[in-house]
Amino acid sequence: MTRLRFSMVVVAALAISACSSGSSGDSGGPVELRFSWWGNEQRAAATQKALDAFQNANPTIKVKGEYADFNAYFDRIATQVAANDAPDVITMGGVYPREYGGRGALLDLKEVSGQLDLSTLDKAAVSNGNFDNVQYGVPTGVNTYGIVVNPALFQAAGVPLPDDEKWSWADYERIAGEIVAKAPPGTVGSEDPTAPEGIELFSKQLGEGVYSPEGKVAISAGTLTRWFEMTTRMRNSGATPKATVTVEQAALSAPEQTLMGKGTAAMRLEWSNRLTALRTASGKPLQLLRVPGETVNKQAGMWLQASQLYTVNARSAHPQEAAKLINFLVSDPAAGAAIGTDRGIPANKKIRDAIAGSLNEHQKVEVAFITKVSAKVSPALVLGPVGSTDTLQILQRINSDVLFDKIKPADAARRFIDEVSKAIGG
């Protein structure tokens, strides 16, 4: 989201912060809801099945779905909120619920608690939607960030898969280099790992994290310098792609557009709920591993997080019906059967149990991974404060300059801290 667009959101939100329509009752008459999410056509088809089931159970409520590619989605939402034309139910993720909720653009869900039963959902996941003691979001499912690997490329290079109970970031760098040296031409050992989640993991293992609970930058310049030194070495050795390829990839998000989806990358840092789509795109039996450094550093860096959150537009004309839709999506077996694990492992155990027998091979791998790591992850992630939605773009700009040798790792570290601090006002 650009700073200009977010400023527009701020103006709009300030105007609506005192006029939530959450007290409106369920009309019982014909109602049309708009529901937005990001994703590809595969997600859209699964979502539509769930919406069809909801409409069959609630014939007086019609739901119009709206979706976009991830890179365009939040710009669209920002524009819609600023123009008072946002959907009734808005799918959010990351720090966006805090951003929008703090500006008054999202409904406090206690106002529609009669339509929402959160007691059946995983408490840790539910807490991901609570900011400043206000419940703004309902978790779609549980997710984590790990390493996706393509075993076929490891085998082609004669390199064994790493033991993710023992490996370090030095092992990750070495293995990526071995693969590119021994695998068929056109193969890379790993896609460039630089992303907010990547440096969060790396720094949490060292006892830091990108943000502090007080809403300040917590990651140190030394840790960031180590990260950029590693990624620079990997680029120089060919273990990761050329700078031009990495920068091009940063603008793409569809699974089939990634190097992993194309079958040319042996490793990729990624959210676990993207495994099925990446497996489908690549046609390969991709696997998930714990990230490097989990057992050899100060502490574990991986965390469980609500993969996405359903929120209600504070100015929705039909907040009760919007809440009813959300409750159906997270608690009804028909919705669970349609959505499966596409939005993360269901946060509702009843739904997890209900879909267990219908999971395909890809989904079973994902569920098994979540089960494996759930007892080994660190405490809940410290989500970014207001303004931290700029972090991704800041990191991408700085990483581009590092990869093109326009800036040294140590200077990149200081610049990241300075720019993120300015963005979050601290």
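Here the structure is a predicted model, which means the values were calculated and not measured.
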Worksheet item: Does Trp169 have any ring-ring contact (aromatic ring centres under 6.0 Å, His included) partners at least two apart in sequence or in another chain, and if so, which?
Response: Tyr172, Phe202, Trp227
Fill in: Closest contact, heavy atoms only, Pro151 versus Gln287
CG-NE2, 3.6 Å
Worksheet item: Are any non-hydrogen side-chain atoms of Tyr145 and Gln305 less than 4.5 angstrom apart?
Response: no
Response to the item:
Between Pro196 and Val210 the two heavy atoms that sit nearest each other are O-CG2, 4.3 Å
Worksheet item: Would you say Val373 and Glu294 make side-chain contact, with heavy atoms under 4.5 Å?
Response: no
Item to complete: Compare all side-chain heavy atoms of Asp192 with those of Arg235 and state whether any distance is below 4.5 angstrom.
Response: no
Practice prompt. Using side chain to side chain donor-acceptor pair (under 3.5 Å) as the criterion, list what pairs up with Arg415, not counting sequence neighbours.
Written response: Asp401, Glu419
Discussion item. The criterion is side chain to side chain contact (heavy atoms under 4.5 Å, CB included); which residues satisfy it with Gln257, sequence neighbours excluded?
Written reply: Leu252, Ala254
Worksheet item: Does Asp117 have any side chain to side chain contact (heavy atoms under 4.5 Å, CB included) partners at least two apart in sequence or in another chain, and if so, which?
Response: Ser119, Thr120, Asn327
Item to complete: Could you go through the salt bridge (charged side-chain N to carboxylate O under 4.0 Å, His left out) check for Lys64 and Glu32 one step at a time?
Response: CA-CA 7 Å; Lys64 178 183 177 182; Glu32 180 170 303; 5.7 Å; no
Discussion item. Run the salt bridge (charged side-chain N to carboxylate O under 4.0 Å, His left out) test on Asp52 and Lys49 for me, step by step, so that the C-alpha distance in whole Å, both residues' side-chain angles and the decisive distance to 0.1 Å come before the verdict.
Written reply: CA-CA 5 Å; Asp52 289 343; Lys49 288 182 180 179; over 6 Å; no
Fill in: Stepwise salt bridge (charged side-chain N to carboxylate O under 4.0 Å, His left out) test for Asp390 and Arg397
CA-CA 11 Å; Asp390 286 349; Arg397 288 196 303 268; over 6 Å; no
Worksheet item: Is Lys350 reaching over with its side chain to a backbone N or O of Ser331, donor-acceptor style, under 3.5 angstrom?
Response: yes
Response to the item:
Note: Asn71 and Asp69 closest approach over all heavy atoms is N-OD2, 2.9 Å
Donor-acceptor contacts, no H, no angles, side chain residues 135-144, under 3.5 Å, sequence neighbours left out:
{"unit_1": "Gln135", "atom_1": "OE1", "unit_2": "Asn130", "atom_2": "ND2", "d": "3.2"}
{"unit_1": "Gln135", "atom_1": "NE2", "unit_2": "Val126", "atom_2": "O", "d": "2.9"}
{"unit_1": "Gln135", "atom_1": "NE2", "unit_2": "Gly137", "atom_2": "O", "d": "2.8"}
{"unit_1": "Tyr136", "atom_1": "OH", "unit_2": "Gly101", "atom_2": "O", "d": "3.1"}
{"unit_1": "Thr140", "atom_1": "OG1", "unit_2": "Ser307", "atom_2": "OG", "d": "3.2"}
{"unit_1": "Thr140", "atom_1": "OG1", "unit_2": "Gln308", "atom_2": "N", "d": "3.4"}
{"unit_1": "Thr140", "atom_1": "OG1", "unit_2": "Gln308", "atom_2": "O", "d": "3.4"}
{"unit_1": "Thr140", "atom_1": "OG1", "unit_2": "Arg343", "atom_2": "O", "d": "2.9"}
{"unit_1": "Asn143", "atom_1": "OD1", "unit_2": "Ser272", "atom_2": "N", "d": "3.3"}
{"unit_1": "Asn143", "atom_1": "OD1", "unit_2": "Ser272", "atom_2": "OG", "d": "2.6"}
{"unit_1": "Asn143", "atom_1": "OD1", "unit_2": "Asn273", "atom_2": "N", "d": "3.1"}
{"unit_1": "Asn143", "atom_1": "ND2", "unit_2": "Asn273", "atom_2": "OD1", "d": "2.9"}
{"unit_1": "Thr144", "atom_1": "OG1", "unit_2": "Trp303", "atom_2": "O", "d": "2.8"}

Discussion item. Listing request: all salt bridge (Lys or Arg N to Asp or Glu O under 4.0 Å) pairs with a residue in residues 353-372, at least two apart in sequence or in separate chains.
Written reply: Asp164-Lys372, Arg279-Glu361, Lys349-Asp353
Practice prompt. Please name all residues satisfying side chain to side chain donor-acceptor pair (under 3.5 Å) with Thr295, sequence neighbours left out, ordered by chain then number.
Written response: none
Worksheet item: Going by the salt bridge (Lys or Arg N to Asp or Glu O under 4.0 Å) test, which pairs reach into residues 295-310, not counting sequence neighbours?
Response: none
Worksheet entry | Partners passing side chain to side chain donor-acceptor pair (under 3.5 Å) against Ser212 (at least two apart in sequence or in another chain) | Glu214
Practice prompt. Compare all side-chain heavy atoms of Ile370 with those of Leu304 and state whether any distance is below 4.5 angstrom.
Written response: yes
Discussion item. Between Ser388 and Thr391, do the side chains contain a donor N or O and an acceptor N or O under 3.5 Å apart?
Written reply: no
Worksheet item: Rounded to the nearest 0.5 Å, how far does OG1 of Thr341 lie from CD of Gln363?
Response: 4.0 Å
Discussion item. Can you tell me how the ring of Phe74 sits relative to the ring of Tyr96, calling it parallel under 30°, perpendicular over 60° and tilted otherwise?
Written reply: parallel
Item to complete: With sequence neighbours left out, write down each residue that passes salt bridge (charged side-chain N to carboxylate O under 4.0 Å, His left out) with Glu165, or none if nothing qualifies.
Response: Arg290, Lys376
Item to complete: Could you list the residues that satisfy side chain to side chain donor-acceptor pair (under 3.5 Å) with Gln396, not counting sequence neighbours?
Response: none
Worksheet item: Any side-chain donor paired with an acceptor under 3.5 Å for Thr91 and Tyr67?
Response: no
Practice prompt. Any chance you could measure Lys110, atom NZ, to Leu118, atom CG, to the nearest 0.5 Å?
Written response: 14.0 Å
Worksheet item: Under 4.5 Å between any side-chain heavy atoms of Glu173 and Arg233, yes or no?
Response: yes
Practice prompt. Sequence neighbours left out, what passes salt bridge (charged side-chain N to carboxylate O under 4.0 Å, His left out) with Asp171? Give chain and number order.
Written response: Arg174
Worksheet item: Does the Ser378 side chain pair with the main chain of Met302, one donor and one acceptor, at a distance under 3.5 Å?
Response: yes
